[in-house]
Amino acid sequence: MQKFFARNFAGYAFLTPWLIGFFLLSIGPILASFYLGFTKYNVVRPPQWIGLDNYAYMLQFDQRFWKALQVTFTFVVVSVPLKLIFALGVAMALDKGIRAIGWYRALFYLPSILGGSIAVAILWRQLFNYDGVINSALSLIGIDGPYWLSDPKFSLWTLVVLAVWQFGSPMLIFLAGLRAIPQELYEAAEIDAASPSKKFFAITVPLLAPVIFFNLVLQMIEAFKSFSGAFIISGGTGAPLDSLLFFTVYLYNEAFSFLRMGYASALAWVLLLIIALFTAIAFWTSKYWVHYENERG
Amino acid sequence: MSRLSRRTFLGASGSVLALAAMGRPAFAQSADIRHFWWGNPERDKRTLAVIDIFNGKNPSIKVSGETLGFADYFTKLTTQIAGGNMPDVIQQGYGVLFEYIANGAVVPLDEFVGKSLDISKIDQSAIDAGTVDGKFYALSIGANSHMAVYNTRLFEEAGIKVGEDFDPYGYTYDQLAEIAAEVKKATGVPGTDDNTADYQNFSDFTVQKGANLYNEDSSYGPTQEIVEEYFATWEKIRNAGGTPAGAESAGLSGVSDLAAQGVVTGKSAMTYLWSNQLVGIQGLMQDALGCAMYPNTAEMRPGSVVQPSQFVCLTRDSKNPEAATAYMSAFVNDLDMTKILGLERGIPSQSDVRAALQPQLSEVEARSVEFFDKIQGKTAALTAPPPSGSGEVEQTFERLAVGVLLGERSISEVASDFVSQAQAILRRA
């Protein structure tokens with residue numbers, strides 16, 4: 001026991017601020033929301049126990065619940081791979097010894113810092129407005145751009161682009177991973193006259209697999225929870241035609257627009273279960289494609 | 001719901017600064033009263049000035065103001081109800097007030113009447129509008145009605161003579177289709193907003209068709225035929241060529257931010273709002289706005305109502321109801337204060353306040369008084385307040401109607417879908 005503390009003290013010391021926040025601010029509401037998920041609660045009147053009714057209604061009658069799942073899954077399935085590919089591409093480009101590399105890294109990381117902010121979402125709306133910057137640029141080459149935000153055929157894709165643009169944090173992690181790959185392997189491959197793509201798929205990808213896996217899990221969770229962009233661009237409602245009805249936006253709507261806190265709590269737990277399930281699936285599949293260097297066999 | 005705009009954001013942060021600048025050392029015995037309202041930059045400026053006057057006159061009470069855009073106001077209020085820290089005095093609208101009363105978040109004022117609260121000069125109709133089951137709950141701060149505003153310069157350029165070609169107090173949807181197309185042809189600006197996905201216009205149309213929005217038993221009033229006819233009416237106007245593109249209008253559905261409205265952005269020559277918003281929206285543009293009622297069908301049955309635009313109410317969380325009601329009383333009665341508030345929240349419900357405002361009305365305020373004179377006898381009777389779930393019905397209408405605007409679904413499909421969803425929402429609420 002003493003040994004354990006001696007060994008891990010520094011780690012826990014660094015975790016303390018987060019732990020204090022978790023126990024003081026997060027755990028209470030999390031448990032409360034689990035209870036509220038079984039009640040009808042409109043905030044003004046005390047909650048009223050209704051058992052599994054919320055969950056039953058969700059699965060049987062709630063069309064918007066299924067629509068929200070569809071929108072969220074589409075977003076996750078499209079935006080996460082694109083973002084990772086893009087981040088890896090930029091990381092490989094930056095892995096070369098170019099001058100002022102530090103500046104480039106900071107510059108590419110910037111969108112991630114701003115990423116979740118309301119300001120960027122509002123900026124995005126201005127860019128993709130019908131008379132915004134994107135369409136002005138398109139008109140220069142004679143293209144009459146569409147209504148990116150109010151046409152349900154396009155609206156979700158503007159948010160995918162926004163997500164991909166925030167490639168900074170996976171990029172930094174990829175960069176660190178690339179640095180850890182022993183140069184000898186590439187040198188040996190060159191002596192054997194391996195093509196660049198051969199080097200990429202036979203050396204970079206397998207050795208980077210743990211880092212790719214880490215980024216995949218993190219970005220997937222992030223994408224499931226994505227909120228502010230869709231909230232701002234859709235005016236808080238998931239418009240047009242529910243094409244931006246992210247699960248989180250729907251949850252917010254039920255809770256704060258329609259005062260169904262009990263139902264919204266149930267929705268929140270469903271989202272938690274979905275994220276847990278997909279993370280578990282990712283871990284399970286990782287046995288087949290992720291190998292750690294210190295593993296035996 | 002409306003969208004968060006840069007303008008409301010700046011407005012809100014501006015008011016925070018103004019509040020900070022106004023802070024002064026509080027007296028030890030002073031009662032702290034919080035007043036919370038949804039606003040726009042113009043309203044915030046006026047209300048904060050009024051609070052300043054009240055604090056100057058009443059050293060034992062210290063009122064502080066809090067403001068947000070309409071979109072976020074009720075969200076914040078909800079979290080405050082849950083936390084048991086609602087402000088003492090809150091602004092309420094005719095739509096949701098009754099839900100707050102039913103749930104006990106807003107408390108009766110009867111025990112303060114004649115003491116800290118003076119209602120002797122308020123119109124009986126305004127008192128009635130704030131009374132539920134014999135108890136008086138809400139002080140009306142102004143009367144309101146649906147108003148269409150049109151850009152007079154664009155109408156002139158199109159050669160439309162108000163009074164001859166266009167009667168602002170009695171024009172039909174068919175006439176609107178012609179006028180809008182003419183404006184578009186002459187100026188390049190579409191003559192009117194497309195209200196296909198505008199619930200306010202739809203509620204007007206329903207009454208024009210002889211139905212009520214909600215039946216006595218809280219079921220939904222409009223039939224599928226009425227909804228279809230409404231969509232078809234606007235489709236005709238759209239096909240005549242006088243409206244912005246469907247996708248453009250779709251983007252504006254449910255947006256209450258004044259700065260985003262068609263007449264302000266220059267994307268249309270006519271926009272549909274509440275009459276008290278005239279002062280606010282005229283403040284955002286150069287061209288003079290003319291006032292009109294909403295369009296009507298050929299039968300000319302009244303569809304708009306006159307109703308209290310907003311109320312001030314006392315919440316159950318107030319620790320100092322005497323001081324809070326004294327402030328509410330001054331807010332509607334004190335002539336120095338009502339003079340600054342003007343008509344920005346609607347036409348005041350006290351005859352002496354109206355009389356005092358008369359000589360100092362700004363030109364735009366005079367226009368809204370004139371509008372109220374002209375609509376006398378052309379409005380419908382006030383119906384029962386909307387039941388729980390009505391806010392969701394409104395959002396559902398706006399969401400589904402966008403499908404019509406974009407041409408994604410047929411009118412009859414959307415109409416039947418909407419009516420069945422509306423009934424389901426009201427049953428569940």
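Here is the naming used below: chain letters follow the sequence lines, and residue numbers restart at 1 for every chain. Remember, predicted model here, so these are calculated numbers, not experimental data.
- Considering every non-hydrogen atom in both A/Tyr252 and B/Thr75, the closest pair reads OH-CG2, 3.3 Å.
- Interface residue B/Glu248: backbone and side-chain heavy atoms are both found under 4.5 Å from chain A.
- The local environment of NZ in A/Lys40 is sparse, with at most 12 non-hydrogen atoms from other residues, nucleotides or ligands closer than 6.0 Å.
- Closest non-hydrogen pair, B/Ala247 versus A/Ser150, comes out as O-OG, 2.7 Å.
- Geometrically, B/Arg428 does not engage A/Phe258 in a cation-pi contact, judged by NZ or CZ lying under 6.0 Å from the ring centre and within 45° of the ring axis.
- B/Leu406 approaches A/Pro152 most closely through the heavy-atom pair CD1-CD, 3.2 Å.
- Of the two parts of A/Asn129, neither the backbone nor the side chain holds a non-hydrogen atom closer than 4.5 Å to a non-hydrogen atom of chain B.
- Using a 4.5 Å cut-off between heavy atoms, B/Ser249 makes no contact with chain A at all.
- For B/Trp274, the CH2 atom counts as densely surrounded, since its 6.0 Å shell holds more than 12 non-hydrogen atoms of other residues, nucleotides or ligands.
- Taking OG1 of A/Thr237 as the start and CZ of B/Arg399 as the end, the distance is 8.5 Å to the nearest 0.5 Å.
- Considering only heavy-atom pairs separated by less than 4.5 Å from chain B, the leading option among A/Asp151, A/Leu259, A/Val43 is A/Val43.
- For B/Lys267, the part lying under 4.5 angstrom from a heavy atom of chain A is the side chain only.
- Across all their heavy atoms, B/Gly403 and A/Leu241 have their closest contact at N-CD2, 3.5 Å.
- Within the 4.5 angstrom heavy-atom criterion, only side-chain atoms of A/Tyr57, from C-beta onward, approach chain B.
- When heavy atoms are compared at a cutoff of 4.5 Å, A/Tyr263 approaches chain B solely by way of its side chain, counted from C-beta outward.
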